[in-house]
Protein chains: 2
Amino acid sequence: MDSKARAVLTAKTKVLKALAHPARLWMVERLEGGERCVCELVDGLGLDFSTVSKHLLVLKNAGVVVDDKRGKQVFYSLKVPCVLKFMHCVEAVMERG
Amino acid sequence: MDSKARAVLTAKTKVLKALAHPARLWMVERLEGGERCVCELVDGLGLDFSTVSKHLLVLKNAGVVVDDKRGKQVFYSLKVPCVLKFMHCVEAVMERG
DNA sequence: TGGTTGATTGGCATAATAACCAAATGAAAA
DNA sequence: TTTTCATTTGGTTATTATGCCAATCAACCA
């Protein structure tokens, strides 16, 4: 495995790692229904504001979501529509458990 | 979020976490070409036998691979064919980075 | 039987994550 | 301009993940 192949692998796992947390996956699923402000996500998750903010940063750095500040609020939305389609495969893995 | 929804999320993230490591993802991609014995994977990765064995256990516990002991060797193969299809979406995320 | 090979397990040190609280930022309202 | 509100950042601690070494196990061979 050369260094280029290693870099590609690391980039892919960055996306997977971003999705591989219950709070972050919940937020991504929630964003399927359209953009949400941070406060809505905090309410739904029952976590600290700072914790949710950091989770959103992870998703943003991975290229999964984008943010848009309007007025006092920040709205997050999915950057790539297929993100949740591919979750059907994950569910298939679970069912064949 | 009730406890049932939380359990489903945790189960999904178990699969994602299993894939979210360079060595494990590399092995899964390699298994796309058919079953491989542990020794082949060790050679390709350049990691310790014990390390590779533990990574494979993570994939097995997540339901991504199955093992088959034949003689002294253990062969691993993908349990769910769609695992790599959904990686195309991950690649799409990377390209729109 | 005794030894070798392929693989797993246990143990340990180190690194990376995740949660909270407190404090800082920054834009809008007063 | 001062205050306020939504969010982010910094700091700390607890938990989890990773990788190597040594020991073990199971199957084959001499």
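Heavy atoms only, all atoms of each residue included: B/Leu47 and B/Ala23 are closest at CD1-CB, 4.0 Å. Taking every heavy atom of both residues into account, B/Val64 and B/Val28 meet most closely at CG1-CG2, 4.2 Å. Across all their heavy atoms, A/Thr10 and B/Pro22 have their closest contact at OG1-CG, 4.4 Å.
No path of Ile, Leu, Val, Met, Phe, Trp and Tyr side chains, each step under 4.5 Å between heavy atoms, connects A/Val66 with A/Val74, placing them in separate hydrophobic clusters. A/Leu57 and A/Val80 are not part of a single hydrophobic cluster, where members link through side-chain heavy atoms under 4.5 Å apart.
In this entry the distance linking CG of A/Asp68 with C1' of D/dA6 reads 14 Å, nearest Å. B/Leu57 places its CG atom 15 Å from the C1' atom of D/dG19, with the value rounded to the nearest Å. The nearest whole Å value for the distance from the CE atom in B/Met27 to the P atom in C/dA7 is 13 Å. To the nearest angstrom, C1' of C/dG10 lies 14 Å from CG of B/Asp48. At whole-Å resolution of the value, CG in A/Leu59 and P in C/dA18 are 11 Å apart. If you take CG of A/Leu41 and P of D/dT7, they are 9 Å apart, rounded to a whole angstrom. Per the geometry, CZ belonging to B/Phe75 stands 11 Å off C1' belonging to C/dG6, to the nearest Å. Separating the CZ atom of A/Arg70 from the C1' atom of C/dG26 is a distance of 17 Å, rounded to the nearest angstrom.
When distances are taken from the side chain of B/Lys69 to each of D/dT9, D/dA26, D/dC21, the shortest belongs to D/dA26. Taking only side-chain atoms of B/Ser50, from C-beta outward, the nucleotide of D/dT7, C/dA22, D/dC21 with the closest atom is D/dC21. The nucleotide whose nearest atom lies closest to any side-chain atom of B/His55 is, among D/dG19, C/dT9, D/dA26, D/dG19. Looking at the side chain of A/Thr51, the nearest of the listed nucleotides D/dT7, C/dC20, C/dT5 is C/dC20. Of the candidates D/dT7, C/dG6, D/dT9, C/dG6 carries the atom nearest the B/Lys72 side chain, counting heavy atoms from C-beta on.
Checked by atom type and distance alone, the side chain of A/Glu40 pairs as donor or acceptor with a backbone atom of A/Cys37 at under 3.5 Å. Using a distance-only test at 3.5 Å, with no hydrogens or angles considered, a donor-acceptor pair links the side chain of A/Arg24 to the main chain of A/Ala18. Put simply, the side chain of A/Thr13 gets close to the backbone of A/Leu9: a donor and an acceptor are under 3.5 Å apart. Between the side chain of A/Glu29 and the backbone N or O of A/Trp26 there is no donor-acceptor pair closer than 3.5 Å.
Of the residues near DNA chain C, A/Val58 and B/Ser53, the one whose nearest nucleotide (by heavy atom distance) lies more toward the 5' end is B/Ser53. Nucleotides of DNA chain C nearest to A/Gly71 and A/Leu47 differ in position, and the one nearer the 5' end is that of A/Leu47.
Of the residues in residues 28-40 of chain A, those placing a heavy atom less than 4.0 Å from an atom of DNA chain D are A/Cys37, A/Val38, A/Cys39, in numerical order.
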Filtered N/O pairs between nucleotides 12-17 of chain C and protein, under 3.5 Å:
residue, atom, partner, partner atom, Å
C/dT17, OP1, A/Lys17, NZ, 2.8

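A close approach under 4.0 Å does occur between a side-chain nitrogen or oxygen of A/Tyr76 and OP1 or OP2 of D/dT8.
The CG atom of B/Asp67 sits 3.5 Å away from the NZ atom of B/Lys60 when rounded to the nearest 0.5 Å.
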